Protein chains: 2
Amino acid sequence: MDERTERLNRAFAALADPTRRDLVARLACDDATVGELAEHYDMSLQAVSKHVKVLGDAGLVTRSREAQRRPVHLDADVFDLMSKWIERYRRQAEERYRRLDALLAETSGDHEQHTETEAS
Amino acid sequence: MDERTERLNRAFAALADPTRRDLVARLACDDATVGELAEHYDMSLQAVSKHVKVLGDAGLVTRSREAQRRPVHLDADVFDLMSKWIERYRRQAEERYRRLDALLAETSGDHEQHTETEAS
DNA sequence: ACACTATTCAACCGCAAGGTTGACAAGCCG
DNA sequence: CGGCTTGTCAACCTTGCGGTTGAATAGTGT
């Protein structure tokens with residue numbers, strides 16, 4: 001499995017957890033230390049530290065060092081990778097949607113809708 | 001936890017698996033049945049069926065029915081949601097990056113780089 | 001009604017993820 | 001040094017996920 005794929009694996013998996021998405025949301029406003037971040041959650045500081053590590057391994061976040069503190073800050077690069085992946089298939093899905101629409105409009109003049117899918 | 005959050009949870013989690021991303025990639029080209037999809041993978045048809053179900057629960061995919069077949073087809077809507085979420089934080093991360101850049105350029109004339117992060 | 005095809009359900013297994021607690025490491029500061 | 005703060009490591013527990021196999025279901029066609 002190529003490197004790009006594994007980066008996407010880690011990035012998507014990292015953001016699948018709502019706590020980690022929330023961390024990202026906070027870090028978007030400002031850098032913060034693990035301790036500061038942990039105050040906002042009903043879980044141990046160690047748990048938050050683990051979450052931050054996951055974000056770090058996914059390349060979504062980097063650490064620096066100033067005195068004893070190790071502030072976490074958001075890194076945009078991998079977001080770019082994900083964004084491009086998603087956009088690609090979003091566009092293709094929409095494109096095929098439009099083509100189907102056009103096809104239905106052509107062949108039958110009075111179709112109701114083509115959205116009679118059974119979404120569970 | 002609100003509905004939007006849970007939809008994002010499911011969507012990101014669904015795409016965290018490389019097999020499911022590959023399914024999405026295939027479905028972007030054309031609709032397909034579970035059986036057709038399964039031919040491309042080294043795993044049981046039931047496993048693929050499960051993967052498709054996960055994509056379905058995440059709202060990334062819908063099913064229809066024609067004869068005995070139940071073709072799977074890509075749905076763009078949730079991609080939109082994810083795309084917007086990611087873009088938002090990507091932009092914020094880049095924005096803060098630029099501001100930091102400007103700040104460093106202002107205060108010290110000869111900084112080397114501010115990317116001395118320890119990415120593991 | 002029957003057999004055939006396509007797909008799902010159910011039970012199970014192994015393993016990794018997210019959480020806990022307790023001990024440890026690294027930098028500051030009196 | 002001794003102690004405080006900050007963060008990580010290690011061991012453990014429980015739950016959920018991805019995979020398997022075998023049986024059940026649903027729709028087609030003869």
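So that the names make sense, note that chain A is the first sequence line, chain B the second, and so on, each numbered from 1. In this text the structure is predicted, and so the values were computed from the model without any measurement.
When all heavy atoms are compared, the tightest approach of A/E94 to B/A76 is CG-CB, 3.6 Å.
Here the P atom of nucleotide D/dG16 and the CZ atom of B/R10 are 15 Å apart, to the nearest Å. Atom CG of A/N9 is separated from atom P of C/dA17 by 11 Å (rounded to the nearest Å). Whole-Å rounding puts the B/R69 CZ to C/dC4 P distance at 19 Å. Following rounding to the nearest Å, A/R63 (CZ) and D/dT6 (C1') show an atom-to-atom distance of 10 Å. Atom NZ of B/K53 is separated from atom C1' of D/dC17 by 14 Å (rounded to the nearest Å). Straight-line distance from the CG atom of A/D57 to the P atom of D/dT8: 12 Å, rounded to whole Å.
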Tabulate below the donor-acceptor pairs under 3.5 Å that side-chain atoms of residues 22-32 of chain A make, not counting sequence neighbours, or state none.
unit_1, atom_1, unit_2, atom_2, d
A/D22, OD2, A/R26, NE, 3.2
A/D22, OD2, A/Y41, OH, 2.6
A/R26, NE, A/Y41, OH, 3.1
A/D31, OD1, B/R96, NH2, 2.3

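The closest side-chain heavy-atom distance from A/R88 to A/Q92 is below 4.5 Å. Contact check for A/V61 versus A/D75: no side-chain heavy atoms found under the 4.5 Å cut-off. Side-chain contact between A/R70 and A/V52 is absent, with no heavy atoms from C-beta onward closer than 4.5 Å. The closest side-chain heavy-atom distance from A/L15 to A/L60 is below 4.5 Å.
When atom types are taken as modelled, the side chain of A/R20 and the backbone of A/A14 share a donor-acceptor pair closer than 3.5 angstrom.
For the residue pair B/H51 / B/T19, no side-chain donor-acceptor distance below 3.5 Å is found, with atom types taken as modelled.
To the nearest 0.5 Å, atoms CZ (A/F12) and CZ (B/R21) are separated by 6.0 Å.
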**OP:** Would you give a per-nucleotide map of nucleotides 19-30 of chain D, 5' to 3', where B means the base has a protein non-hydrogen atom under 4.0 Å away, S means only the sugar-phosphate does, and - means neither?
**Re:** BBBB----BS--
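Less than 4.0 Å separates DNA chain D from at least one heavy atom of each of the following residues of residues 20-37 of chain A: A/T33, A/V34, A/G35.
At least one side-chain nitrogen or oxygen of A/R70 sits closer than 4.0 Å to the OP1 or OP2 atom of D/dT8. For C/dT8, one of the phosphate oxygens OP1 or OP2 lies less than 4.0 angstrom from a side-chain nitrogen or oxygen of B/S49.
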